[in-house]
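Just so it is clear: chains get the letters A, B, ... in the order the sequence lines come, proteins before strands, and each one is counted from 1. FYI, side chains are in, hydrogens and waters are out, and symmetry mates aren't considered; it's all heavy atoms of this structure.
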2 protein chains.
Amino acid sequence: MKYSELKKSLKNHKLRITDCRMDVLEYFQEHTKAVSIKDLEDKFQEYDRVTLYRTLHSFEENGLLHKIPGDSGSAVYGLCKDCDVAAHHHNHMHFRCTSCGSTECIDTPVEIKAATLPDNYEMASIDVIVNGICNQCSSN
Amino acid sequence: MKYSELKKSLKNHKLRITDCRMDVLEYFQEHTKAVSIKDLEDKFQEYDRVTLYRTLHSFEENGLLHKIPGDSGSAVYGLCKDCDVAAHHHNHMHFRCTSCGSTECIDTPVEIKAATLPDNYEMASIDVIVNGICNQCSSN
DNA sequence: TTATAAATGCAACTCTATTGCATTTTATTT
DNA sequence: AAATAAAATGCAATAGAGTTGCATTTATAA
Ligand SMILES: [Mn+2]
Ligand SMILES: [Mn+2]
Ligand SMILES: [Zn+2]
Ligand SMILES: [Zn+2]
């Protein structure tokens, strides 16, 4: 993605333009799989760990990234499609490969039927995580 | 649950009978909400933290407990219904209350239609996490 | 260009979880 | 009941993920 587009994206999400943010956003654009803080630390050794953490937080806060639930360990993040500063709104699911450990957003729309909850439970949102073997791993 | 029942349950799952395991298993039986290591540390100060961790691991390994995916922070565990040493098999969903932070297993069966995945992705299992307000919080 | 607010780097710190090893306990065999 | 082998426990040290405070630098707007 072009430099000017990245910049516009940051501005649209009310974020100041900094080297770190530009580089991290570009990195996300270039990768289909979800990204961990570890990935960023390895890739961007010129930035402090804390700055990378704060970059992820500001991106999440302002609707550029969403945190993807995982069993534990390190959190992973995926690019948002249509979220903004005001609110996140997602309806896609996530795929976690048990072979290579990668996680990715799956955009093929899935009908998630409103869950049947017991009385007095109010649903706000739903996360669906599919576990299995990803395309890359299944072809090896 | 009776002492003899707890004991039988441990034996059925190929686990040796120890004080810590008996107490922890009983604790899980008495609680409907998912339990964190923090809960156990607070409750069972007579056992070392490491022992509690190892208890959770052995229970998970042997089909007594399942780990419930969470955004991050500390892991939580729920009692298994019909799992054994050989394998876990779950088809229930989890409810996470955004007000009190609790997580619990929801047993009302939910039709989770096989997700439409892109080519060459193989699904093995699926986790559904519903976020919202739990019954206790909604009545306050 | 200057002023203000925000972002960064660094060090220290907290919290969660794991590992190694000596000791104790459990289950099994005699 | 006593001896044995295997497993569980406690303790200390270590590792890893993430956060906080503060001085310095940078981005934006006046
Ligand atoms: Mn996603
Ligand atoms: Mn459950
Ligand atoms: Zn894979
Ligand atoms: Zn609640």
Which donor-acceptor pairs under 3.5 Å do the side chains of residues 35-42 of chain B make with protein atoms, sequence neighbours left out?
{"residue": "B:S36", "atom": "OG", "partner": "B:K38", "partner atom": "N", "Å": "3.3"}
{"residue": "B:S36", "atom": "OG", "partner": "B:D39", "partner atom": "N", "Å": "3.2"}
{"residue": "B:S36", "atom": "OG", "partner": "B:D39", "partner atom": "OD2", "Å": "3.2"}
{"residue": "B:K38", "atom": "NZ", "partner": "B:D42", "partner atom": "OD2", "Å": "3.2"}
{"residue": "B:D39", "atom": "OD2", "partner": "B:S36", "partner atom": "N", "Å": "2.9"}

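- By the 6.0 Å contact criterion, CD on A:E5 is enclosed, its count of non-hydrogen atoms from other residues, nucleotides or ligands being greater than 12.
- Within the 4.0 Å cut-off from OP1 or OP2 of C:dA17, at least one side-chain nitrogen or oxygen of B:S74 is found.
- Candidate nucleotides D:dT19, D:dC11, C:dA17 were compared by shortest atom distance to the side chain of B:A75, and C:dA17 ranks first.
- Heavy atoms of other residues, nucleotides or ligands lying less than 6.0 angstrom from NZ of B:K43 number 12 at most.
- In the set C:dA17, C:dT8, D:dG10, the nucleotide with an atom closest to the side chain of A:R21 is C:dT8.
- Atoms CG (A:D19) and P (C:dA7) sit 14 Å apart, rounded to a whole Å.
- A donor-acceptor pair is defined here as one N or O able to donate and one able to accept, closer than 3.5 Å; such a pair exists between the side chain of A:S58 and the backbone of A:R54.
- Position along DNA chain D of the nearest nucleotide to B:Y47 versus A:I17 favours B:Y47 as the more 5'-ward residue.
- Considering only side-chain atoms of B:V50, the nucleotide from D:dC11, C:dA7, C:dG9 that sits closest is D:dC11.
- With rounding to whole Å, A:Y53 atom OH is found 15 Å from C:dG9 atom P.
- Side chain of B:D84 to main chain of B:A87: a donor-acceptor pair is present (N/O by atom type, distance under 3.5 Å, no hydrogens or angles).
- The CG atom of A:L15 sits 14 Å away from the P atom of D:dA27 (whole-angstrom rounding).
- Taking atom CG of A:L52 as the reference point, atom P of D:dA17 lies 13 Å away to the nearest angstrom.
- One can place CG of B:N62 at 13 Å from C1' of D:dA7, the figure rounded to the nearest angstrom.
- Annotation: the terminal axes of the helix from C:dT1-D:dA30 to C:dT30-D:dA1 meet at 30°, where each axis is the rotation carrying the C1' atoms of four end pairs onto the next four (5 pairs per end, rounded to 10°).
- Remark: P of C:dA17 and CG of B:L40 are 11 Å apart, rounded to the nearest angstrom.
- The listed nucleotides are D:dG18, C:dA17, D:dC22; the one nearest the side chain of A:R54 is D:dC22.
- Atom NZ in B:K14 sits about 10 Å away from atom P in C:dT28, given to the nearest Å.
- The nucleotide whose nearest atom lies closest to any side-chain atom of A:R49 is, among D:dG10, C:dA17, D:dG18, D:dG18.
- Closest contact between the side chain of A:H57 and the listed nucleotides D:dT9, D:dT19, D:dG18 involves D:dT19.
- Taking every side-chain heavy atom of B:T18 into account, D:dT9 is the closest of C:dC10, D:dT9, C:dA7.
- Nearest heavy atoms, A:H89 versus A:C83: N-SG, 3.5 Å.
- If you check C:dT8, C:dC10, D:dG10 against the side chain of A:T55, the one that comes closest is C:dT8.
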Derivation of the side chain to side chain contact (heavy atoms under 4.5 Å, CB included) call for A:R21 and A:F59: CA-CA 9 Å; A:R21 286 175 179 169; A:F59 280 14; 3.7 Å; yes
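- Residue contacts for B:E46: at a heavy-atom cut-off of 4.0 Å it reaches the sugar-phosphate backbone alone, with no base atom in range.
- Within the structure, every pair that satisfies the ring-ring contact (aromatic ring centres under 6.0 Å, His included) test and touches residues 9-32 of chain B, not counting sequence neighbours, is listed here: B:Y27-B:H31, B:Y27-B:F44.
- Taking atom CE of residue B:M22 and atom P of nucleotide C:dT25, one finds them 17 Å apart after rounding to whole Å.
- Checking C:dA17, D:dT20, C:dA27 against every side-chain atom of B:K11, the shortest atom distance belongs to C:dA27.
- The side chain of B:R16 lies closest to C:dA27, out of C:dA27, D:dG18, D:dT28.
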